[in-house]
Participant: 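Just dropping this structure here.
In listed order, ligands and their atoms are each counted from 1.
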Amino acid sequence: MKTILITGGSGFIGTNLIRRLLEYKNKIICVDNNYTGKLENINPFLSNENFKFIDHDISQPFEINEKIDEIYNLACPASPVYYQKRPLFTLNTSVLGIINILKLAKKHNAKLLHASTSEIYGNPLEHPQKESYWGNVNTIGLRSCYDEGKRVAETYCYEYQKKFNLDVRMIRIFNTYGPHMNPEDGRVISNFIIQALKDKPITVYGDGKQTRSFQYVDDLIEGMLKYMKIDKDELKNKLKDKFNWDTIPVLNMGNPEEFTILKLAYKILELIPKSKSKIVFKPLPKDDPVRRRPDITMAKEVLGWEPKVKLEEGLKRTIEYFRDIV
Ligand code: UDP
């Protein structure tokens, strides 16, 4: 039985991850301050003796008394709506947060999986985005608090890895959706589904021709578990042989199927045929990336991982979740 610390555990991805890890009979310590996470998400776990919740903001130092084997660092507001409301808090969660987590990982000699983001590519000039692409990011814009914080966090992980030989794995998560998304998050899939279920206008920002690639959360969890599991030497050898790559990369995790936002709106309306909603166009937020699609060759070759859930299937499951809660 492993003891696993999950920061951001009451959020969307954390909740889905915890459920899986508890099924495998691990002991879970969930740390969250519930800024975007929700206690309702983790309530079902509270009766499990292998689950413990600590209400804490990871930008403040903290100690865990029992020995931790693994850490998943998922804590950070990830939706533009929430991170733009509290930009300094967001920046601190990424930067001060990762410092605290790395210190903890070092102390416990724990393996760490750090969740980075496709946002570190900014408004990408290379398409699709490979791990080797450095990105095109505004340092002083609306998204900077999230993008730049996540970029620094990657660098901290990289330097700790080198200096202390810490076992750190990092992933860049592309747009992900599924049950336990925060309904107030303002993300495109949750917004469109809730609007369609409530017969409200479907708010397409801009002309809707911008693209995103949507990954169902179960696929992401599978990828995270695989990346955590692979032996470090096997990982290094595969990276060297197949990609002539010398460091531990920040693996892209996303679904490479790309859709325009307008097409997504039509798809959701098709899946909720009773909806009376109509599409309306609203101004495009500033610095909204035009295209986004992961190149997942590396994760495929190294982990044997690729997403399996098609958009339509994932949307159906997500619609059922929201039907119950809105
Ligand atoms: N979007 C939209 N209507 C909404 C919410 C979002 O058209 O009600 C657009 C948004 O402008 C962006 C895309 O959908 O181009 C994805 O937005 P989201 O906030 O889900 O994620 P991110 O921009 O971080 O990829």
Participant: Check each atom of ligand 1 against the heavy atoms of N175 and keep those under 4.0 Å away; list them by number with element.
Facilitator: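 With N175 as reference, the close atoms of ligand 1 come out as 21 (O), 22 (P), 25 (O).
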Participant: For ligand 1, note which part of V81 has a heavy atom under 4.0 Å away: side chain, backbone, both or neither.
Facilitator: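 Neither part.
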Participant: For the residue pair E312 and K267, what are the closest heavy atoms and their distance?
Facilitator: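 Result for this residue pair: OE1-NZ, 2.8 Å.
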Participant: Answer yes when E320 and R317 have at least one side-chain N-carboxylate O distance shorter than 4.0 Å, and no when they do not.
Facilitator: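 Result for this pair is no, no salt bridge flagged.
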Participant: Could you tell me the residue and atom name of the protein heavy atom closest to atom 23 (O) of ligand 1, and the distance to it rounded to 0.1 Å?
Facilitator: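 Scanning the protein heavy atoms, the shortest distance from atom 23 (O) of ligand 1 goes to R143 NH2, 2.9 Å.
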Participant: How about NZ on K27, more than 12 heavy atoms from neighbouring residues, nucleotides or ligands closer than 6.0 Å, or not?
Facilitator: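 At most 12 heavy atoms, drawn from other residues, nucleotides or ligands, come within 6.0 Å of this atom.
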Participant: Counting only heavy atoms closer than 4.0 Å, does ligand 1 sit against the backbone of R212, its side chain, both, or neither?
Facilitator: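 The answer is the side chain.
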Participant: Would you call E119 a ligand 1 contact, heavy-atom distance under 4.0 Å?
Facilitator: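 It does, in that a heavy atom of E119 comes within the 4.0 Å cut-off of ligand 1.
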Participant: Taking 4.0 Å as the limit for heavy-atom contacts, which would you say applies to R187 with ligand 1: side chain only, backbone only, both, or neither?
Facilitator: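 Both backbone and side chain.
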Participant: Hey, which of T15, N41, N16, T318 is the one that makes side-chain hydrogen bond (donor to acceptor under 3.5 Å, both in side chains) with H180?
Facilitator: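 Of the listed options, the one satisfying the test is N41.
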Participant: With backbone taken as N, CA, C and O and side chain as the heavy atoms from C-beta onward, which portion of N191 lies under 4.0 Å from ligand 1: side chain, backbone, both, or neither?
Facilitator: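 Contact part for N191 vs ligand 1: side chain (C-beta onward).
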Participant: What orientation do H56 and F62 show, parallel under 30°, tilted 30 to 60°, or perpendicular over 60°?
Facilitator: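 Correct class here is tilted.
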Participant: Examine the side chains of S79 and D185 and answer whether a donor and an acceptor come within less than 3.5 Å of each other.
Facilitator: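 S79 vs D185: donor-acceptor pair found between side chains.
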Participant: Are there more than 12 heavy atoms of other residues, nucleotides or ligands under 6.0 Å from atom NZ of K2?
Facilitator: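 Atom NZ in K2 is not crowded, with 12 or fewer foreign heavy atoms closer than 6.0 Å.
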Participant: P80: heavy atom below 4.0 Å from ligand 1, yes or no?
Facilitator: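 Contact check P80 vs ligand 1: positive.
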Participant: Verify the neighbour count for atom NZ of K38: are there more than 12 heavy atoms of other residues, nucleotides or ligands below 6.0 Å?
Facilitator: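 Yes, NZ of K38 has more than 12 neighbouring heavy atoms, counting only those of other groups under 6.0 Å.
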Participant: Would you mind running through ligand 1 and noting each atom that sits below 4.0 Å from a heavy atom of Q210?
Facilitator: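 Here the atoms of ligand 1 in question are 9 (C), 11 (O), 15 (O).
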Participant: Using the six-membered ring of Y133, assess whether NZ or CZ of K130 lies under 6.0 Å from its centre and within 45 degrees of the ring axis.
Facilitator: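 No, a cation-pi geometry is absent between K130 and Y133.
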Participant: Could you tell me, atom by atom, which parts of ligand 1 come under 4.0 Å of a heavy atom of V204?
Facilitator: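 By the 4.0 Å cutoff, the relevant atoms are 7 (O).
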Participant: Answer yes or no: does an N/O atom from V188 fall short of 3.5 Å to an N/O atom of ligand 1?
Facilitator: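 N/O-N/O distance under 3.5 Å: yes.
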Participant: Any atoms of ligand 1 less than 4.0 Å from a non-hydrogen atom of P285? List them with their elements.
Facilitator: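 Reading through ligand 1 atom by atom, the close ones are 11 (O).
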Participant: Does atom CD1 of I140 have more than 12 heavy-atom neighbours, drawn from other residues, nucleotides or ligands, at distances under 6.0 Å?
Facilitator: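 Open: at most 12 neighbouring heavy atoms sit under 6.0 Å from CD1 of I140.
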Participant: Starting from atom 3 (N) of ligand 1, what is the nearest protein heavy atom, named by residue and atom, and what distance separates them?
Facilitator: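 So the nearest neighbour among protein heavy atoms is T203 O, 2.6 Å.
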Participant: Applying a 4.0 Å heavy-atom criterion (strictly less than), which segment of P289 is in contact with ligand 1: side chain, backbone, both, or neither?
Facilitator: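 Neither part.
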Participant: Please report which non-hydrogen protein atom sits nearest to atom 11 (O) of ligand 1, along with the residue it belongs to and the distance in Å to one decimal place.
Facilitator: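 Heavy-atom neighbour on the protein nearest atom 11 (O) of ligand 1: D288 OD2, 2.6 Å.
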Participant: Would Y205 count as being in polar contact with ligand 1, using the rule that some N or O on each side must be under 3.5 angstrom apart?
Facilitator: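 Such a contact does occur with ligand 1.
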Participant: Can you measure from CD1 (I99) to CG (L104) and round to the nearest 0.5 angstrom?
Facilitator: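 With rounding to 0.5 Å, CD1 (I99) is 13.5 Å from CG (L104).
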Participant: In the protein, which heavy atom is nearest to atom 13 (C) of ligand 1, and how far is it?
Facilitator: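 Sorting protein heavy atoms by distance from atom 13 (C) of ligand 1 puts I261 CD1, 3.7 Å first.
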